[in-house]
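Source: prediction; values computed, not measured. Lettering of chains follows the sequences in order, A, B, ..., and the numbering in each one begins at 1.
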Amino acid sequence: MDSLASLNPRQQSAVIANPGPTLILAGPGSGKTRVLTHRIAYLVGQMGVAPYRIMAVTFTNKAAREMKTRVEALLEGQLRGLTVGTFHSICARFLRREAEHLPVTADFVIFDDSDQQALVKQVIKEFNLNDKQYAPGKLLNKISSAKNELIGPDEFTASTYFNEIVKRVYVRYQQLLVANNALDFDDLLMGVVELFRRHPEVLAKYQRQYEHILVDEWQDTNTAQYTLLRQLAAQHRNLYAVGDPDQSVYRFRGADYRNVRKFQEDYPDALTILLERNYRSTQVILDAAMAVIDQHPGRTRKQLFTERQGGAAIYAYEAYNEQDEAQFVVDTIAELTRTGLAAPGDCAVMYRTNAQSRSVEEAFLRAGLPYRLVGAQRFYGRKEIKDALAYLRLIHNPADSVSLLRVINTPPRGIGGKTLELLNELATANGLTVADVLRDLGDSGNQSRFMARLGNKAATSLINFGRMLTHWHSARGELAIVQLLDTVLNRIGYKEYLDDGTEEGEERWANVLELRGVAADAGDMTLAEFLEQVALVSDQDTLAEEGKAPTLLTLHAAKGLEFPVVFIVGLDEGVLPHQRSFDDPEAMHEERRLMYVGLTRAKDRLYLIRAFRRSLYGDSALSDVSRFLGDIPTNLLTGNLSNRQTRAETYYKRATTWDGGTLNLSTPNQKPVTVRPSEPTYRTSQRVRHAQFGEGIVLETKFVGGDEEVIIVFESVGVKRLAVRVAKLETLKG
DNA sequence: AAGGCCCTTCTTTTT
DNA sequence: GAAGGGCCTT
């Protein structure tokens, strides 16, 4: 075993801590994963604990996989029976195993966000509610928070009229889930807690088994998760929690960093170990990060330190707009690569919201450079992927009415609204599900007792569809996932449906092929296992081994990762911190922690970028520099934003030298209004000729300090930025 | 029934 | 500046 000698004294004492409740407060880059893996290896290798008596819980599958691999490497062998997984996957496993105690069967499917939306919309319709006043998303938020707080539909107390509606929706929504043989994400957690409460003998079984429970990212646990762990650890009390309250960024999902303090209150005898030595970043980067997080009220200060004294100054850059911001990132990466200071794969670009990735992606595309984008949700959220998966889900679980509705007329097969209405009616009148009616139609064809009410055309379509379903359903056990998927795709002519000759169509089909690849990788996994796996992937899970290209990801997805070079874009008030946090102090604190997470991802170089103007809702507006940038001492900064005094003056000068007409800036600090520059001379995608560079296409026109600038991609030399006044461009036709 | 067009309404973050 | 919903025509 990789000896304990490779760990520092603090880490060592964490690894060899006596049994009992233990809390490891681990600053960023302090080697918490090493501590966790060594701890497990120590328990197994030195303390003789059987692997099956250990549970290690993480938040992402990637973290779970990594932990397992690293423990196995330490022990030089397979660890049979060790439970490593995410909260959600471990809970799903428990629930399937104990399904006899549940309202759903062991085959239950997991409903994702859009399935939940569909179900709530159904309830809204059923109750004749106004979906503006009672927006599905709002209702779902309420329901989700309730579940995270372990409040079931019956316990939900309605103190206001709105909550009265929420309660009714919640009750009905839960009924529908059960009718669909489905659970949502929150049900997985709450379901296990409830199961344990109702069936102490089941709980006792697991309590006995799990002598040691280790938890990563403790600060991100919510009430349901916290309660679950307390239940499980009640007998042996060997709860080993690793976390950092400064990195808690999932409040919207019910996470409560106060669970760190709660741990100490609930286990007064807990051993607490602080890991403050950082092995990742330069001191410059750490100082900046500490300066930001130290402004967080009501927090215990940590004094992070590193051997990596000094380091490159942090480059703070103000771009003109988000295109310029993205261009700066691309140019800088090119420059770092050229000078050998970093490879493209060392670089990461982080942003607050997914929407911000677009301008960055466009800049990479324009430069013809590759990048990798993190985001499983984006992939699995695509319509074509959801549709393909809906077929598989329906084959697996015919009770899944949400999937049925998705695919019954995709691709179009002549089953429209009227037919669906009739189908529903038939089902309800006979006390059956829609799937039952379809199956009967498929089985009995023209002899079906439901024929009478159906028109000829509709009946044929329904019979055909019913037959396909029945056929696939009975074949599902004999085929590998990828074969089943191929069969379905072929039969429904999905390629022909998607690939309509447009670029988008081609891309859609390419996405389906990617899903096919995932299915092929699933090997001989059962359909149930496959569906669960794809339901529970996280954004981070899609991040394979380090690539050769820069990584684009949200700050949330960046948690737990590190990169030699980090760019954080969008350091503007309203973006980071996000607009939505302005009137909620707790939310604002979380924005600060998010900034802290981003800063501490960087090992060597950090670039903080903002845009002077940024398009929002379509038209563009001016923004202020993020307050978080202002918290970083200027002596750590370089770049055009390193002197804040002058910047404020610059805004003023720049703003007042614009066309003047619509401007009413009286003081430099007053919030600037939207400025309309005069009409551009050139238009986007216009062809032009330059005396030296030859022919090109205008990508963008803009005004900088009253000067008109155009960005042009030339056939000969690529992208150039030119001043119209100087460039003498000739416009071409076409 | 299906496809197209115009309208609105948003946009945090994700297991 | 996209995506969904409502309303139109074929």
Where the side chain of [X] is concerned, which of [options] is the nearest nucleotide?
X: A/P412; options: B/dT15, B/dG3, B/dT14; value: B/dG3
X: A/S538; options: B/dA1, B/dT15, B/dT14; value: B/dT15
X: A/A355; options: B/dT14, B/dA2, B/dT11; value: B/dT11
X: A/T554; options: B/dT13, C/dG1, B/dT15; value: B/dT13
X: A/N409; options: B/dT15, B/dA2, B/dT14; value: B/dA2
X: A/R253; options: B/dT14, C/dG4, B/dT13; value: B/dT14

### Query
Taking 4.0 angstrom as the limit, do A/R358 and A/E361 come out as a salt bridge?
no

### Task
Could you tell me whether A/D115 and A/R393 have a side-chain N and a carboxylate O separated by less than 4.0 Å?
yes

Any sub-3.5 Å donor-acceptor pair from [X]'s side-chain atoms to [Y]'s backbone N or O?
X: A/R592; Y: A/M588; value: no
X: A/Q225; Y: A/N222; value: yes
X: A/E217; Y: A/F59; value: no
X: A/T600; Y: A/Y596; value: yes

### Task
Please tell me which of A/G416 and A/E591 maps to the more 5' nucleotide of DNA chain B, matching each residue to the nucleotide holding its nearest heavy atom.
A/G416

### Message
Quick check on DNA chain B: between A/K132 and A/F252, whose nearest nucleotide comes earlier from the 5' end?
### Response
A/K132

### Query
Distance check: side-chain N/O of A/N354 vs OP1/OP2 of B/dT11, anything under 4.0 Å?
no

### Message
Please tell me if A/R358 has a side-chain N or O lying less than 4.0 Å from either OP1 or OP2 of C/dG1.
### Response
yes

What nucleic acid atoms does [X] come within less than 4.0 Å of, heavy atoms only: base, sugar-phosphate, or nothing?
X: A/R593; result: nothing
X: A/T419; result: sugar-phosphate
X: A/V537; result: sugar-phosphate
X: A/F185; result: base
X: A/K457; result: nothing
X: A/N61; result: nothing

Rounded to whole angstroms, how far apart are [atom1] on [X] and [atom2] on [N]?
X: A/K138; N: B/dC10; atom1: NZ; atom2: C1'; result: 13 Å
X: A/R251; N: B/dT15; atom1: CZ; atom2: P; result: 19 Å
X: A/K147; N: B/dT14; atom1: NZ; atom2: P; result: 21 Å
X: A/R382; N: C/dG4; atom1: CZ; atom2: P; result: 12 Å
X: A/N141; N: B/dT14; atom1: CG; atom2: P; result: 14 Å
X: A/L531; N: B/dT15; atom1: CG; atom2: P; result: 18 Å
X: A/E421; N: B/dA1; atom1: CD; atom2: C1'; result: 14 Å
X: A/R614; N: C/dG1; atom1: CZ; atom2: P; result: 13 Å

### Message
Here's a test for you: under side-chain hydrogen bond (donor to acceptor under 3.5 Å, both in side chains), which of A/R614, A/R613, A/R610 qualifies with A/S623?
### Response
A/R610

### Query
Can you tell me if A/E362 and A/S359 form a side-chain donor-acceptor pair at under 3.5 Å?
no

#### Entry: Positions of residues 578-588 of chain A (non-hydrogen atom under 4.0 Å from DNA chain B), listed by number
A/H578, A/R580

### Message
Under 4.0 Å, heavy atom to any atom of DNA chain B: which of residues 107-123 of chain A qualify?
### Response
none

### Query
Hey, mind stepping through A/F252 and A/H556 against ring-ring contact (aromatic ring centres under 6.0 Å, His included) and telling me if it holds?
CA-CA 12 Å; A/F252 66 93; A/H556 282 88; 5.8 Å; yes

### Message
In whole Å, measure the gap between the P atoms of B/dT13 and C/dG4 for me.
### Response
16 Å

### Query
Centroid-to-centroid, A/F196 to A/Y206, below 6.0 Å?
yes

### Query
Closest nucleotide of DNA chain C for A/K383 versus for A/E362: which of these residues is on the 5' side?
A/E362

### Contact summary for A/Q247 and A/K559, nearest pair of heavy atoms
O-CD, 3.5 Å

